K.L.:
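One structure, as structure tokens, below. Some questions next.
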Amino acid sequence: MNTIERWRSMVGASSEPVANLIERGAVRKFAEAIGDPNPLYVDEGAARASRYGGLIAPPTFPRTLEYGRIEGMDWPDAGMIHGEHAVSYTGHPLLVGEEILCYTKLEDYYEKESRGGLLGFIVMERFGESPRGERRFTMRDVAIVTPALRKTLGS
Amino acid sequence: MTAERRASPAWEVGEEVEALTLPPVTRLQLIKYAGASGDFNPIHTIDEAAEGAGLKGVIAHGMLTLATMGLLFSPYLEHGYVRHFRARFSGMVYVGDVLEIGGRVTGVEETEEGRLYAFDVFSRRGEDDVVATGEVGFLVYGDAP
């Protein structure tokens, strides 16, 4: 079975959950890298006085967490294009110090004709849950497999 | 860029969000983002790798472009949060590019948590050169002062 066929056959497969801790240093470095040193991201004192009672993480931060590997799923080193990203939260932003169980799921693989040839689309979902099993966030990413890469993977 | 803190927001549907011009994208920023995100794909940091992939130079991580769109809402985080954010990438961002981010209020809805505002947002290099578009749901807590 080639990589493309394997993706098709694995739609619905998930990884084993991985425990992640939302770390203060990681959030600070992320906030600095994106050019948003909001006191709620980086200033412990200011954050403690806020409604959150402590530091929070920027909305797109969860993409940096560990979600585990889906057994048997290949992911090419190069050639994939990130097409779309979505994240939605339950209740409040991620809090520094929060423990989150994360896992990922191959939600879909489909193909569409384009001017340049057949494009592949991989839809990955990523989930974050509290240790009590409450959903904290859901992410959805669409990666595009270019016609050239699709040819390599499909043979 | 320092997020200026604002009073609890009350937007009108149709209202434009004040656009922001971001500092030019630098290679150092891409290196920092690679480290902070764990995305070490070399097309974002090393010229030869980018050129080998057919690009004219290193390109910004798509997730970095999205993260900077969050700056539109950063000043209001004391009163609410980005409940959902969805975006599509429509162009490559290169070192030296100056991006402008902005958006418009498209709806408002009362929820149990508070008032949920819907926005269309964009990041662009120029009037007709959009690199990402998306939708944001920003929730202002019901008890926000």
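The shown structure was predicted, so the numbers you read here are calculated from the model rather than taken from an experiment.
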K.L.:
Would you mind telling me which of B/L64, B/T68, B/L77 has the largest number of heavy-atom pairs within less than 4.5 Å of chain A?
P.N.:
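The candidate making the most pairs under 4.5 Å is B/L77.
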K.L.:
Is the shortest heavy-atom distance from the side chain of A/T90 to the side chain of B/R83 under 4.5 Å?
P.N.:
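Not touching, per the 4.5 Å side-chain cut-off.
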K.L.:
Can you see which heavy atom on B/A67 is nearest to which on A/I34, and at what distance?
P.N.:
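For B/A67 and A/I34, the tightest heavy-atom pair comes out as CB-CG2, 3.5 Å.
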K.L.:
Give the intermediate values and the outcome of side-chain contact (heavy atoms from CB on, under 4.5 Å) for residues B/E78 and A/R51.
P.N.:
CA-CA 7 Å; B/E78 303 240 350; A/R51 68 168 54 243; over 6 Å; no
K.L.:
To check you understand the geometry: which heavy-atom pair defines the closest contact between B/L71 and A/G35, and what is its length?
P.N.:
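It is CD2-O, 3.7 Å.
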K.L.:
Where does A/I56 contact chain B at under 4.5 Å (heavy atoms): side chain, backbone, both or neither?
P.N.:
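Contact with chain B involves the side chain of A/I56 alone.
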K.L.:
Can you tell me which of A/G25, A/S88, A/G83 forms the most heavy-atom pairs within a distance under 4.5 Å of chain B?
P.N.:
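Ranked by contacts with chain B, first place is A/G83.
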K.L.:
Can you say whether A/P93 sits under 4.5 Å from chain B via the side chain, the backbone, both, or neither, judging by heavy atoms?
P.N.:
both
K.L.:
Answer with side chain, backbone, both or neither: which region of A/L40 has an atom nearer than 4.5 Å to a non-hydrogen atom of chain B?
P.N.:
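It is the side chain, since no backbone atom gets that close.
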K.L.:
Tell me whether A/M73 is reachable from A/Y67 by hopping between hydrophobic residues (I, L, V, M, F, W, Y) whose side-chain heavy atoms are closer than 4.5 Å.
P.N.:
no
K.L.:
Aromatic ring centroids of A/Y52 and B/Y81 under 6.0 Å?
P.N.:
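No, the ring of A/Y52 stays outside the 6.0 Å limit from the ring of B/Y81, centre to centre.
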K.L.:
Could you check whether any side-chain heavy atom of B/H84 comes within less than 4.5 Å of a side-chain heavy atom of A/Y89, counting everything from C-beta outward?
P.N.:
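SC-SC contact between B/H84 and A/Y89 ruled out.
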K.L.:
Check this for me, if you would: do B/R86 and A/E84 make a salt bridge, where the nitrogen-to-carboxylate-oxygen distance has to be below 4.0 angstrom?
P.N.:
yes
K.L.:
Among B/R88, B/H61, B/M69, B/K32, which residue has the highest count of heavy-atom pairs closer than 4.5 Å to chain A?
P.N.:
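Ranked by heavy-atom pairs under 4.5 Å with chain A, first place is B/R88.
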K.L.:
For residues B/I31 and B/Y33: do they belong to one hydrophobic cluster (side chain heavy atoms under 4.5 Å, members Ile, Leu, Val, Met, Phe, Trp, Tyr)?
P.N.:
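No, because B/I31 and B/Y33 fall into different hydrophobic clusters, even though each may have its own neighbours under 4.5 Å.
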K.L.:
Okay, side chain of A/R63, backbone of B/S37: is any donor-acceptor separation there less than 3.5 Å?
P.N.:
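No: the side chain of A/R63 does not pair with the backbone of B/S37.
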K.L.:
Let me check something: do A/V123 and A/F137 share a hydrophobic cluster, defined by ILVMFWY side-chain heavy atoms less than 4.5 Å apart, either directly or through other members?
P.N.:
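No.
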K.L.:
Side chain from CB out, backbone as N, CA, C, O: work out which of these in A/F61 comes under 4.5 Å of a heavy atom of chain B, or both, or neither.
P.N.:
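Looking at A/F61, nothing touches chain B.
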K.L.:
Less than 6.0 angstrom separating the ring centers of B/F89 and A/H82, yes or no?
P.N.:
yes
